[in-house]
Amino acid sequence: MSSGHTGHNHTHGMAKKTLRLALFLTMIILATELVGGYLANSLAVLSDAGHVLTDIFALGLAWFAAAQAERPANASKTFGYHRVGILVALVNAVTLIVIALAILWEAVQRFQHPEKVEPLVMFLAAGIGIAINLYIGFGLQKERDNLNVRTAALHVFGDVGVSVGVIVAGVVILLTGWYAIDPILSVGIAVLIAVGAWRILHETTDILLEAVPKDINLSALVRDMMRVPGVEDVHDLHVWCITSGMYALSCHASIADLPPSQSTSILQALETMLNKKYRIGHTAIQFESHTHQDDCCCVDGLYCQMDNGRESHEEHDHRLALEVKQQAQPKEVR
């Protein structure tokens with residue numbers, strides 16, 4: 001048991017070291033392209049620097065996730081600090097959208113008033129970026145078991161493609177003197193940044209709203225739970241994401257009237273199935289052997305209805321007002 005835990009921590013430790021090195025090298029790329037873009041007067045290179053910023057965010061979040069995996073929960077943070085990474089991702093996504101809009105605005109200005117660009121400096125800045133990104137990408141591929149690391153590697157290889165586009169634009173400028181290719185490429189990079197940022201924004205808001213993970217089909221999940229021997233019904237079901245790739249589930253399950261010692265096998269079968277098939281590692285399953293009635297949840301519903309399921313807010317308030325009025329009336333003396 002302890003050896004498996006040690007191996008798990010070793011895996012996270014290796015991923016953390018790899019990501020830390022990748023983050024440092026990517027910061028070097030960012031500085032190189034900012035300086036190169038300024039010296040070359042190339043909006044495309046500066047836009048590529050903006051795209052590199054998305055890599056820094058992706059690598060930083062992956063590194064943060066690896067670091068938090070080694071940090072235990074406590075009495076005040078029972079789920080740990082995983083949501084901090086989600087909040088940072090939300091802020092980063094909004095920042096990236098602002099950067100994309102700024103690039104588009106500058107591109108429009110350059111369409112109206114073309115400016116001279118130095119292609120040789122573009123080659124140098126983009127070439128340095130390609131070389132370092134390839135080193136980072138192949139290094140990250142060695143940590144294939146870590147989902148966050150694989151995602152970061154995709155970001156890095158995507159930036160290699162953008163840098164290749166910058167070099168192509170430099171060749172066009174060098175051979176033809178067509179400076180309009182610089183803002184045209186910048187618009188394409190800005191669109192890439194905006195699309196990536198929008199996906200991050202959508203994913204983070206879903207996690208913060210505790211939406212059902214996209215890769216989980218609730219109907220299929222309930223059917224699989226009902227197929228476990230001993231499970232008669234499932235209701236008050238909640239499935240959500242604590243952080244990217246970390247799923248949780250809570251529900252009520254009706255079973256026969258059994259003592260806890262005999263229902264353990266049912267619970268273990270449910271947990272095993274949910275973990276293997278749906279990657280749900282945190283479950284809170286409450287067994288019942290009678291009709292469950294709760295003040296805030298619908299009895300017959302699969303999902304918990306916070307508005308009591310059977311009455312609107314107005315009806316609920318009206319009913320409470322009547323009850324208070326009746327209690328306030330003096331009781332009849334017999």
Side-chain angles (χ1 to χ4, degrees), residues 22-23 25-61 88-137 152 154-202 204:
L23 185 61
L25 293 175
T26 306
M27 288 181 178
I28 293 177
I29 297 174
L30 177 63
T32 300
E33 295 200 341
L34 285 174
V35 174
Y38 174 78
L39 294 177
N41 195 30
S42 171
L43 184 59
V45 176
L46 291 174
S47 301
D48 191 19
H51 193 262
V52 169
L53 197 59
T54 67
D55 297 340
I56 290 178
F57 290 155
L59 290 167
L61 288 173
V88 172
L90 180 64
V91 174
N92 289 341
V94 174
T95 303
L96 289 171
I97 291 175
V98 173
I99 290 174
L101 292 175
I103 293 172
L104 288 173
W105 172 260
E106 182 62 23
V108 170
Q109 303 305 310
R110 293 208 175 190
F111 278 129
Q112 296 175 348
H113 308 286
E115 297 184 17
K116 185 178 179 180
V117 179
E118 297 294 337
L120 295 180
V121 181
M122 292 176 65
F123 295 153
L124 180 61
I128 292 174
I130 290 173
I132 298 178
N133 271 324
L134 287 175
Y135 176 79
I136 294 172
L154 290 175
H155 276 271
V156 170
F157 283 122
D159 193 58
V160 171
V162 173
S163 296
V164 170
V166 170
I167 290 179
V168 171
V171 171
V172 171
I173 292 174
L174 186 64
L175 296 178
T176 66
W178 187 42
Y179 295 118
I181 188 66
D182 185 66
I184 290 174
L185 180 60
S186 302
V187 171
I189 296 174
V191 171
L192 284 177
I193 294 173
V195 170
W198 180 256
R199 289 174 180 171
I200 295 173
L201 186 65
H202 187 266
T204 53

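Values below: every heavy atom of this structure, side chains too, minus hydrogens, waters and symmetry copies.
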Mind checking the CG-CG spacing from L96 to L201? Nearest 0.5 Å is all I need.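 Taking CG in L96 and CG in L201, the distance rounds to 10.5 Å.
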
Nearest heavy-atom pair of N41 and V117: which atoms, and what distance?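 Heavy atoms of N41 and V117 come nearest at O-CG2, 3.6 Å.
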
Could you tell me whether a side-chain N or O of D182 sits under 3.5 Å from a main-chain N or O of S42, the two making a donor and an acceptor?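 Looks like no, no N/O pair under 3.5 Å.
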
Ignoring hydrogens, what is the shortest heavy-atom contact between A107 and V187? Give both atom names and the distance.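 Minimum heavy-atom contact is CB-CG2, 3.7 Å.
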
So T26 and L30, side-chain contact (heavy atoms from CB on, under 4.5 Å) or not? Walk me through it. CA-CA 6 Å; T26 306; L30 177 63; 5.8 Å; no

How far does OH of Y179 sit from NZ of K116, to the nearest 0.5 angstrom?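 Those atoms lie 5.0 Å apart.
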
Test log, rule side-chain contact (heavy atoms from CB on, under 4.5 Å), inputs Y38 and V45: CA-CA 8 Å; Y38 174 78; V45 176; over 6 Å; no

The criterion is side-chain contact (heavy atoms from CB on, under 4.5 Å); which residues satisfy it with I132, sequence neighbours excluded?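 Applying side-chain contact (heavy atoms from CB on, under 4.5 Å) to I132 gives L25, I28, I29, I128, I136.
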
How far does CG of L46 sit from NE2 of H51, to the nearest 0.5 angstrom?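 It comes to 15.0 Å.
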
Is E33 reaching over with its side chain to a backbone N or O of A49, donor-acceptor style, under 3.5 angstrom?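 Checked: pair present.
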
Any chance you could measure I193, atom CD1, to L101, atom CG, to the nearest 0.5 Å?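 Separation between the atoms: 10.5 Å.
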
side-chain contact (heavy atoms from CB on, under 4.5 Å), that's the test. Do L134 and F157 meet it? Break it down for me. CA-CA 7 Å; L134 287 175; F157 283 122; 4.3 Å; yes

Heavy-atom pair of closest approach, residues L174 and P119: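 Where L174 meets P119 most closely, the heavy atoms are CD1-CG, 3.8 Å.
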
Atom of I167, atom of A126 and distance for their closest heavy-atom approach: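 So the minimum-distance heavy-atom pair works out to CG1-CB, 3.6 Å.
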
Set out, in order, the CA-CA distance, both residues' side-chain angles and the distance that settles side-chain contact (heavy atoms from CB on, under 4.5 Å) for L39 and V35, then state yes or no. CA-CA 6 Å; L39 294 177; V35 174; 3.9 Å; yes

Of all heavy-atom pairs between A44 and I189, which one has the smallest distance, and what is that distance?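 Taking A44 first and I189 second, the nearest heavy atoms are O-CD1, 3.7 Å.
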
Point-to-point distance, once rounded to the nearest 0.5 Å, from CG of L34 to CG of L53: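 Reported to 0.5 Å precision, the distance equals 8.5 Å.
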
Euclidean distance, I56 CD1 relative to L59 CG, rounded to 0.5 Å: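 Reported to 0.5 Å precision, the distance equals 8.0 Å.
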
If we only count heavy atoms from C-beta on, is the M122 to I173 side-chain gap below 4.5 Å?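 Yes, close enough: below the 4.5 Å cut-off.
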
Test log, rule side-chain hydrogen bond (donor to acceptor under 3.5 Å, both in side chains), inputs D48 and S163: CA-CA 7 Å; D48 191 19; S163 296; 3.0 Å; yes

